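Structure record follows, encoded as structure tokens.
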Amino acid sequence: MSLFQNATYIASAHHLQDLPPPREPEIAFAGRSNSGKSSAINTLANRARLAFVSKTPGRTQTINLFRLAGGGILADLPGYGYAKVPDAMRRHWEETLSGYLQTRASLCGLALIMDARHPLTERDEIMLAWFRPTARPIHVLLTKADKLSRTEATAALQRVRERLSRLGSDYTAQLFSSLRRTGVEEAEAVFSGWLAGRVSDPPAAPASGHKKAPGQRGKPGAKRLKCD
Ligand code: GDP
């Protein structure tokens with residue numbers, strides 16, 4: 001059975017204080033509106049409508065939590081970067097997303113969804129900057145890869161990997177297509193590793209000036225990823 005199959009809806013939170021206590025390892029899915037985040041979640045869950053696939057970008061405005069059958073939580077974060085969102089709502093979500101990414105103690109890693117044709121937008125970079133101080137892993141899914149030629153897709157992947165390698169040793173990226181269902185096994189291997197508390201490589205020494213966040217990995221070189 002795939003990792004996200006038989007996931008069940010738990011709760012939606014509009015504010016951080018509405019979130020359930022951080023008792024189980026959690027993986028957050030974030031991405032620009034229309035990046036293909038909901039489709040990617042549904043593809044990984046092998047379900048037509050676990051996450052809501054919207055024709056109206058910016059519409060999902062809560063943090064939606066799902067319990068995974070094998071243990072752990074999937075958190076579907078509101079899409080960002082939709083131009084028509086009123087300023088007050090944008091400010092609320094900037095505060096809520098940054099607070100969530102920086103303080104959610106149970107967060108094991110961030111799945112960052114980017115349209116393979118337009119990766120690393122200014123707002124994607126903001127998400128990377130918010131999450132980076134936690135020193136937890138990030139995996140970028142470059143979605144809609146079916147819309148690119150093989151050469152273009154390879155170039156996009158290489159560009160994103162180069163950018164990520166400058167930010168942290170635990171940052172990875174892959175191509176993904178919900179339409180063709182490609183990249184599913186690769187993504188599952190990464191996310192199940194996070195939930196099992198494994199990391200792919202021994203973490204590098206933290207960059208100078210980086211403060212440890214509560215609940216982050218202990219000693220450099222430790223193989224366990226602690227997300228409590
Ligand atoms: P979200 O706003 O990030 O959750 O994006 P959605 O999952 O709602 O997808 C936005 C649009 O992109 C929809 O029309 C989807 O059908 C389309 N889409 C999503 N993933 C893919 C993909 O892998 N390939 C193609 N060709 N279209 C996709």
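The structure presented is a predicted model; accordingly, all values stated were derived computationally and were not measured. These numbers come from the heavy atoms of this one structure, side chains and all, not from hydrogens, waters or symmetry mates.
- Considering CZ of R161 and OG1 of T172, their distance stands at 8.0 Å, rounded to 0.5 Å.
- W194 contributes atom CH2, which lies 8.5 Å from atom CG of D170 (distance to the nearest 0.5 angstrom).
- Listed here is the closest heavy atom pair of P137 and C108: CD-O, 3.2 Å.
- Between Y100 atom OH and L107 atom CG the span is 4.5 Å, to the nearest 0.5 Å.
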Going through the checks in order, is the side chain to side chain contact (heavy atoms under 4.5 Å, CB included) test met by R67 and I73?
CA-CA 5 Å; R67 174 162 289 111; I73 306 283; 4.1 Å; yes

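- Considering every non-hydrogen atom in both M127 and L101, the closest pair reads CE-CD1, 3.5 Å.
- Here the shortest heavy-atom pairing between V160 and A173 reads CG1-CB, 3.9 Å.
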Could you check L148 against R117 for side chain to side chain contact (heavy atoms under 4.5 Å, CB included), going step by step and ending with a plain yes or no?
CA-CA 7 Å; L148 294 177; R117 297 166 301 172; 3.5 Å; yes

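- Using modelled atom types, one side-chain atom of E152 and one backbone atom of S149 make a donor-acceptor pair closer than 3.5 Å.
- Scanning both residues, E26 and A75, for their nearest heavy atoms gives OE2-CB, 3.9 Å.
- Aromatic ring pairs are classed by plane angle as parallel below 30°, tilted from 30° to 60° and perpendicular above 60°; the pair F191 and F4 is parallel.
- There is no side-chain donor-acceptor pair under 3.5 Å between N42 and S39.
- Rounded to the nearest 0.5 Å, atoms CG (L65) and CG (L77) are 9.0 Å apart.
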Verdict with reasoning, F66 to N6, per side chain to side chain contact (heavy atoms under 4.5 Å, CB included)
CA-CA 10 Å; F66 302 89; N6 295 338; over 6 Å; no

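- The CG atom of L164 lies 6.5 Å from the CG atom of L120; values are rounded to the nearest 0.5 Å.
- Salt bridge R132/E125: absent, no basic N to carboxylate O contact under 4.0 Å.
- Judged by distance alone, the side chain of S106 and the main-chain N or O of P25 form no donor-acceptor pair under 3.5 Å.
- Remark: R32 does not engage D115 in a salt bridge, criterion side-chain N to carboxylate O under 4.0 Å.
- Minimum interatomic distance between L141 and A40 (heavy atoms only, all atoms of both residues): CD1-CB, 4.3 Å.
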Quiz: residues 7-19 side-chain donor-acceptor pairs under 3.5 angstrom, not counting sequence neighbours:
{"residue": "Y9", "atom": "OH", "partner": "S12", "partner atom": "N", "Å": "3.1"}
{"residue": "Y9", "atom": "OH", "partner": "S12", "partner atom": "OG", "Å": "2.6"}
{"residue": "S12", "atom": "OG", "partner": "N64", "partner atom": "OD1", "Å": "2.7"}
{"residue": "H14", "atom": "ND1", "partner": "Q61", "partner atom": "O", "Å": "3.4"}
{"residue": "D18", "atom": "OD2", "partner": "H14", "partner atom": "N", "Å": "3.3"}
{"residue": "D18", "atom": "OD2", "partner": "H15", "partner atom": "N", "Å": "3.0"}

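- Minimum heavy-atom separation, L3 to S192: CD2-N, 3.6 Å.
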